[in-house]
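Worksheet for the structure shown next.
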Amino acid sequence: MRWGPAQRDSALGVLARHRAVWAAARPRQYRYWEHRWCFCLSTWHGPHVVTVADGRVVSATDTTGRRSDSAYVRRAARRPLGGVDALFDDIAAGIRDTTYAEVRVAFDPARGHPTSVTFDRHPLASDDERHVDVSRLEPLS
């Protein structure tokens, strides 16, 4: 099953509504736990504690407090907006990408940010999904 244009437009509309809630509630500085997984050779699986200030990822540590993949922080710092805002961008890109059969997202009802995202290219395959969980988001300022 592939999404049609109407399904993509609907999903982008839902995403835009949640992004607006997040934009209104977004703290200037915040920290959250991010857990990513896929069937890939990534060192960034997690969970990791990500700290964002003024829209930029400023640090990432594993849950024991050790510095995490510095390449992730460097890549994230080059984006116009990192952290949750970058995740919104990734979700929008996934919805627009016609090679994905499905992009599933759950949102925090109060702040609007994604709490769980799954990107799936082939619904009948068990090794192609990418998944991101966001939890324990707390304002720092």
Side-chain angles (χ1 to χ4, degrees), residues 1-69 71-141:
M1 171 190 96
R2 294 286 175 209
W3 290 10
Q7 290 169 302
R8 289 187 191 284
D9 289 346
S10 176
L12 288 168
V14 168
L15 186 66
R17 286 191 296 278
H18 285 282
R19 191 187 292 244
V21 172
W22 168 248
R26 176 183 46 233
R28 198 167 85 49
Q29 297 179 19
Y30 60 95
R31 175 179 22 236
Y32 65 95
W33 285 40
E34 180 179 288
H35 189 175
R36 292 178 178 252
W37 67 86
C38 61
F39 289 93
C40 57
L41 298 174
S42 173
T43 59
W44 184 264
H45 284 100
H48 291 84
V49 180
V50 179
T51 303
V52 177
D54 297 322
R56 301 248 183 231
V57 173
V58 295
S59 72
T61 59
D62 68 16
T63 55
T64 66
R66 289 187 308 235
R67 198 83 174 151
S68 193
D69 181 356
Y72 173 84
V73 175
R74 284 194 307 273
R75 277 192 312 274
R78 286 195 299 265
R79 293 180 87 156
L81 291 173
V84 171
D85 292 289
L87 184 55
F88 271 110
D89 291 344
D90 291 345
I91 295 165
I95 292 169
R96 288 184 185 104
D97 185 338
T98 59
T99 64
Y100 283 108
E102 188 174 24
V103 178
R104 293 183 302 276
V105 186
F107 297 95
D108 178 270
R111 288 195 178 109
H113 66 79
T115 57
S116 178
V117 184
T118 301
F119 300 91
D120 191 0
R121 291 189 192 281
H122 306 284
L124 300 178
S126 62
D127 61 353
D128 69 319
E129 296 90 356
R130 288 187 304 126
H131 190 82
V132 181
D133 282 326
V134 171
S135 62
R136 302 182 189 191
L137 192 142
E138 61 178 320
L140 299 175
S141 64

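Residues satisfying the side-chain hydrogen bond (donor to acceptor under 3.5 Å, both in side chains) criterion with R96, sequence neighbours excluded, are absent altogether. Take H18 and apply the side chain to side chain contact (heavy atoms under 4.5 Å, CB included) test, not counting sequence neighbours, and it matches V14, F88, F107. Every residue meeting the side chain to side chain contact (heavy atoms under 4.5 Å, CB included) condition with T115, not counting sequence neighbours, appears here in chain and number order: A106, D108, H113. In this structure S10 satisfies the side chain to side chain contact (heavy atoms under 4.5 Å, CB included) test with no other residue, sequence neighbours excluded. Listed by chain and residue number, T99, Y100, R121 satisfy the side chain to side chain contact (heavy atoms under 4.5 Å, CB included) test with D97 (two or more places apart in sequence, or in another chain). By the side-chain hydrogen bond (donor to acceptor under 3.5 Å, both in side chains) test, R17 pairs with no residue at all, sequence neighbours left out.
Side-chain atoms of H35 never come within 3.5 Å of backbone atoms of V132 as a donor-acceptor pair (strictly under, hydrogens ignored). Y30 places no side-chain N or O within 3.5 Å of a backbone atom of G83 that could act as its donor or acceptor partner. Here the side chain of R111 pairs a donor or acceptor atom with the backbone of L137 at under 3.5 angstrom.
Residues D54 and R28 have side chains in contact (heavy-atom distance under 4.5 Å, counting atoms from C-beta outward).
To the nearest 0.5 Å, atom CG of residue D89 and atom CZ of residue R19 are 4.5 Å apart. Put simply, CG on D120 and CD on E102 are 6.0 Å apart, with the number rounded to the nearest 0.5 Å. Here L87 contributes atom CG and E34 contributes atom CD; the two are 7.0 Å apart, rounded to the nearest 0.5 Å. Rounding to the nearest 0.5 Å places CZ of F119 at 11.0 Å from CZ of R104.
Across every non-hydrogen atom of P114 and V84, the tightest pair is CD-CG1, 3.9 Å. Closest approach of I95 to V103, counting heavy atoms only: N-CG2, 4.0 Å. When all heavy atoms of A53 and V58 are compared, the pair lying nearest together is CB-CG1, 4.0 Å. Closest approach of T98 to R8, counting heavy atoms only: CA-NH2, 3.3 Å.
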Check the pair D133 / W33 against side-chain hydrogen bond (donor to acceptor under 3.5 Å, both in side chains), numbers first and verdict last. CA-CA 8 Å; D133 282 326; W33 285 40; over 6 Å; no
